[in-house]
Amino acid sequence: MRSRDTLAGLAVFALALVLRVAYVHESETVLALDVSKLVQTDNHVFNEWARVIADGDLLCVKQPHAQHLWTDEVAPESRWLEWYGGQQTYHQAPLYPYVVAAIFRLFGRTQEIVGYVQAVLGALTCWLTWRLTRRLVSPLAGLVAGLSLAAMGAFYFYDAFLLRDGLMALLTVLLALAADAALKRGRALDWLLTGGALGLFTLGKETGTALLAVAGLAALWTWRRQPRRAARAVGLMLAGWLLVCSPAFVRNRLVDASTFKLSTRGPEVFVTGNADGQDGVGWEPPTGTLRRILMDSNFQLLPTVAATLATHRAEPWGYAALLWNKTRAFFNAYEEPNNVNFELHRAHLTTLRLGFVSMWFLAPAALLGLVLGLPRRRELAVPY
């Protein structure tokens, strides 16, 4: 039985790796499109940022900031830097640029090299997904989940670009594995590792701090009749989170940035996704509305949120429709193009067409799994 499980895990990893490596190679040989040279993309920002680090500026004293066409329409660069808290504030959560910088230093400074490393990480994500699902549900479910992710073209599509999507998927599965172990075994080390995984997630994406708060509240609710146990879990998670995030906090103090500020993102993202007249999907900043709200709120998040929601005052149900439109987008078979366009690349690359699994299958399957798992919802608390 153990040998059969080992073979299943190897099959998932091998299929995922072969598809991803072949795709990165075909993308470079057939299209040879280095999106990092397009200055209006996140690829360009991450590329420039990673090169600064790889060239020796480990503290990012000369922190690159994106200045897009739409940002110029909202405010001059000097005003944006004032809102950010200075040139030295991290532009986005900093983990991914440091990972890319390490790849640059170790293997070479090309998009193709980064793609091959990301292909390996993507295959590891598929293997960890198999392992997690096998542990929580069954060996068959683990195999289906691992193979489905391995053959999802829209997922491995991002391996060929300097974008953090693949890294965040890996961190999500690592966090789920750590949290499930902590919930079931309850050892101090497990809770500390869960906090560390939350720390990595926070350094990878701005929503990590909110996720830490949710995890803490969930622990307090779960053991509301056992306050010592709840306090122990929350304290250890917070300690692990601080341990992992502390290098970034120390860096901020050294360069005279706000200690706990790990990104400049937030206010403009909330306006773009939630203001009246927006569809909530894709990236089309309403520059006029942005200019008015950000000037009035001085780029402070809570006043920005209040002003954005106030744009729906005349028709509150319009905001409900906006949220519904966002929810429906989870069940699209495609992703709205932003930095790169999956459908365009798929039309030219055989390796992407081989990735036949799409959200048409995964979204309904995930919804069905949530429904079928309700009788075991306590055991499946982490994936829920």
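The first residue in the sequence is number 1, and the count goes up from there. Reckoned from all heavy atoms, side chains included, excluding hydrogens, waters and symmetry mates.
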Grouping I, L, V, M, F, W and Y whenever their side-chain heavy atoms are under 4.5 Å apart, do [X] and [Y] come out in a common cluster?
X    : Y    : value
V137 : L362 : no
L212 : L95  : yes
F107 : L17  : yes
L175 : F155 : no
V357 : L128 : no

Verify whether one side chain among [X] and [Y] offers a donor that lies under 3.5 Å from an acceptor in the other.
X    : Y    : answer
R79  : Y84  : no
Y23  : D159 : no
W283 : T272 : no
T350 : R353 : yes
D72  : Q67  : yes

Is there a donor-acceptor pair closer than 3.5 Å between any side-chain N or O of [X] and the backbone N or O of [Y]?
X    : Y    : answer
R291 : E73  : yes
R251 : A248 : no
R229 : W223 : no
R164 : Y96  : no
N252 : K261 : yes
H65  : W80  : no
T308 : A275 : no
E48  : P64  : no
D180 : V382 : no
T194 : A178 : yes

For a quick test of reading the model, state the closest non-hydrogen atom pair linking [X] to [Y] and the distance between them.
X    : Y    : value
T202 : G208 : OG1-C, 3.3 Å
L170 : L121 : CD2-CD2, 4.1 Å
Y384 : G369 : OH-O, 4.1 Å
T41  : H68  : N-CE1, 4.1 Å
H345 : F161 : NE2-CZ, 3.6 Å
A329 : V281 : CB-CG2, 3.8 Å

If you count the non-hydrogen atoms of other residues, nucleotides and ligands that lie under 6.0 Å from [atom1] in [X], is the total more than 12?
X    : atom1 : result
K184 : NZ    : yes
H25  : NE2   : no
R224 : CZ    : yes
R131 : CZ    : no
R376 : CZ    : yes
E284 : CD    : no

Side-chain heavy atoms of [X] within contact of [Y], under 4.5 Å:
X    : Y    : answer
P97  : F46  : yes
W130 : L149 : no
P383 : L136 : yes
L10  : W127 : no
L203 : C245 : yes
F13  : C126 : no

Q. Which word best sums up how the rings of F249 and F260 line up, parallel for under 30°, tilted for 30 to 60°, or perpendicular for over 60°?
A. perpendicular
**Q.** Note: D55-R51 ion pair, threshold 4.0 Å (strictly below)
**A.** no
Q: Answer yes or no: is there an ion pair linking K62 with D57, defined by an N-O contact shorter than 4.0 Å?
A: no
Q. Are L162 and H44 close enough, and set up right, to give a side chain to side chain contact (heavy atoms under 4.5 Å, CB included), and what steps lead you there?
A. CA-CA 8 Å; L162 269 65; H44 178 75; over 6 Å; no
Q. Within 45° of the ring axis of F157 and under 6.0 Å from its six-membered ring centre, is that where the NZ or CZ of R20 lies?
A. no
Once rounded to the nearest 0.5 Å, what's the spacing between atom [atom1] of [X] and atom [atom2] of [Y]?
X    : Y    : atom1 : atom2 : result
S297 : F299 : OG    : CZ    : 8.0 Å
Q118 : L167 : CD    : CG    : 8.0 Å
F201 : T172 : CZ    : OG1   : 4.5 Å
M237 : R232 : CE    : CZ    : 11.5 Å
Q92  : E206 : CD    : CD    : 5.5 Å
L33  : L38  : CG    : CG    : 6.5 Å

Q: Just do the side chain to side chain contact (heavy atoms under 4.5 Å, CB included) check on W70 and E268 with the steps written out, would you?
A: CA-CA 11 Å; W70 67 267; E268 80 283 22; 3.8 Å; yes
Q: Apply side chain to side chain contact (heavy atoms under 4.5 Å, CB included) to the pair L374 and L370, showing each step before the final yes or no.
A: CA-CA 7 Å; L374 282 174; L370 288 170; over 6 Å; no
